[in-house]
Amino acid sequence: MSKEIINVRLSDDGTAVTILDQTLLPNEIKYITLKEREELFEAIYMLRVRGAPAIGIFAAYALCVLAKQAKHESLDVFMEKIKQHSAYLDSSRPTAVNLGTQLKRMMSLAESEAQKSASAPQIVELMKCEAIHIYNEDVEMCKAISRHGMSLIKKGDGIMTQCNAGPIATSKYGTALGPIIMGQEQGLDLKAYICETRPLLQGARLTAFELVQAGVDSTLICDNMASITMSEGKVNAVFAGCDRIAANGDVANKVGTSQLAILAKHYNIPFYIFGPSTTIDKDCPTGADIEIEERNPEEIKEMFYTRPMAPKQVKAYNPAFDVTPNELITAIITETGVHKTFTNL
Ligand code: MRU
């Protein structure tokens, strides 16, 4: 697997979370340590930590840190405070289900221990163990996903990717990039075609960084070059991650994913979604029920440019995700295997 970068880490004493600040990549590898509720929220909102599994792990760690700060309160006040912190962190981004799922998991542990009259300091320790467990579980899920994904590729294949679903978007190993990195280690000589992923450039800044570091033959394309690249026969499969899988197998992922699925169907190229089962939302019937995050239009008009690249007056629409309908997905790969039907994932 690629060189070890610890993306999200809880300090041994549980008082801080350290993350790789992904907004600075690929130019700077900088770790930042966070303790305050507002800076923990901001790290998710600004995508310093990002990728559905990594956000879930980070939120669980963040809640531990905030719980520790409240541990000398009475049990009632402690529980009220962590409930508020959990709701606050959960409001930072709406689309990736892992954020809410892992916070709910942490809160239900705290609530059941409080009912058994555990003390606040005892609950804090149990929450820390649970959060570390969430991290370790994700490591195992990503390893299994990468192994299953390897069954879909052969030597010399060209794989197109969108956004970043690599090691830094998860605990370790990644999901959609896992098989590509593993394939490289096993001498498969894969070729990655990386869509740059406007407007925040997760493809150019993050996927290219990870795949180049792993020694994969990597080519960056603008998002509007996907069709010509596929038409030239360079792409054997599309590999993408996911932020929420609805019960019917519709999938929300970074905006632009659905257009790759439509193109892949046109060119008869298999389109695969990779994600841990923590990304499945059984309570969400279809893709139409998924809330799509809409971000600041300035990300389109100004970010990464030395001067604004559009007139001030022009409106910009900036949905951060889109939904790929299940009928365009060849298979969904989770830690349990390669699934071609989606109702019982
Ligand atoms: O807005 P981001 O960068 O958090 O979006 C991330 C993605 O869309 C990823 O593909 C997804 O979270 C899967 S990460 C393994």
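Every number for a ligand or one of its atoms is a count from 1 in the order of the listing. Fair warning: this is a prediction, and the values are worked out from it, not measured in the lab.
At least one heavy atom of Cys242 sits closer than 4.0 Å to an atom of ligand 1. Not close to ligand 1: Ala320, with no non-hydrogen atom less than 4.0 angstrom away. Look at Phe321 and you'll find a heavy atom under 4.0 Å from some atom of ligand 1.
Atom CG of Asp13 sits in a crowded spot, with more than 12 heavy atoms from other residues, nucleotides or ligands closer than 6.0 Å. By the neighbour-count criterion of 12 heavy atoms within 6.0 Å, atom NZ of Lys81 is sparsely surrounded, having that number or fewer from other residues, nucleotides or ligands. Dense packing is recorded around NZ of Lys234, with more than 12 heavy atoms of other residues, nucleotides or ligands lying under 6.0 Å away. Within a 6.0 Å sphere centred on NZ of Lys315, other residues, nucleotides and ligands contribute 12 heavy atoms or fewer.
For atom 7 (C) of ligand 1, the candidate residues are Asp243, Ile145, Ile168; the nearest heavy-atom contact is made by Asp243. Which of Arg244, Arg50, Arg93 comes nearest to atom 1 (O) of ligand 1 through a heavy atom is settled by distance: it is Arg93.
In summary, the atoms of ligand 1 found under 4.0 Å from a heavy atom of Gly51, numbered by their order in the structure, are 4 (O), 12 (O), 14 (S). Heavy-atom contacts of Pro53 reach the following atoms of ligand 1: 14 (S), 15 (C) (cutoff under 4.0 Å). Listed by number with element, the atoms of ligand 1 under 4.0 angstrom from any heavy atom of Leu47 are 1 (O), 3 (O). Residue Ala169 approaches ligand 1 through these ligand atoms, each under 4.0 Å from one of its heavy atoms: 14 (S), 15 (C). Taking a cut-off of under 4.0 Å to the non-hydrogen atoms of Asn164, the atoms of ligand 1 that pass are 9 (C), 10 (O), 14 (S). Residue contact check: Gln202 has heavy atoms under 4.0 Å from atoms 1 (O), 2 (P), 3 (O) of ligand 1.
Of the N and O atoms on the side chains of Asn164 and Glu210, at least one donor lies less than 3.5 Å from an acceptor on the other residue. In this structure, a donor-acceptor pair under 3.5 Å is absent between the side chains of Asn98 and Thr101.
In this structure, the side chains of Met160 and Cys195 come closer than 4.5 Å at one or more pairs of heavy atoms.
Summary of contacts: the protein heavy atom closest to atom 15 (C) of ligand 1 is Thr175 OG1, 3.3 Å. Nearest protein neighbour of atom 9 (C) of ligand 1, counting heavy atoms only, is Asn253 OD1, 3.4 Å. When hydrogens are left out, the protein atom nearest atom 5 (O) of ligand 1 is Lys254 CE, 3.4 Å; that is the closest non-hydrogen contact.
At a heavy-atom distance under 4.0 Å, only side-chain atoms of Cys163, from C-beta outward, approach ligand 1. Of the heavy atoms in Thr170, only side-chain atoms (C-beta onward) come closer than 4.0 Å to ligand 1.
Under the 6.0 Å distance and 45° angle rule, Arg50 does not count as a cation-pi partner of Phe58.
Atom CD1 in Ile82 sits 6.0 Å away from atom CG in Leu63 (nearest 0.5 Å).
Look at Asp21 and Lys30 and you find no salt bridge, because none of the NZ, NE, NH1 or NH2 atoms lies under 4.0 Å from a carboxylate O.
Distances between N or O atoms of Ala52 and those of ligand 1 include at least one value under 3.5 Å.
Pairing each heavy atom of Gln259 with each of Asp322, the nearest pair is N-OD2, 4.5 Å.
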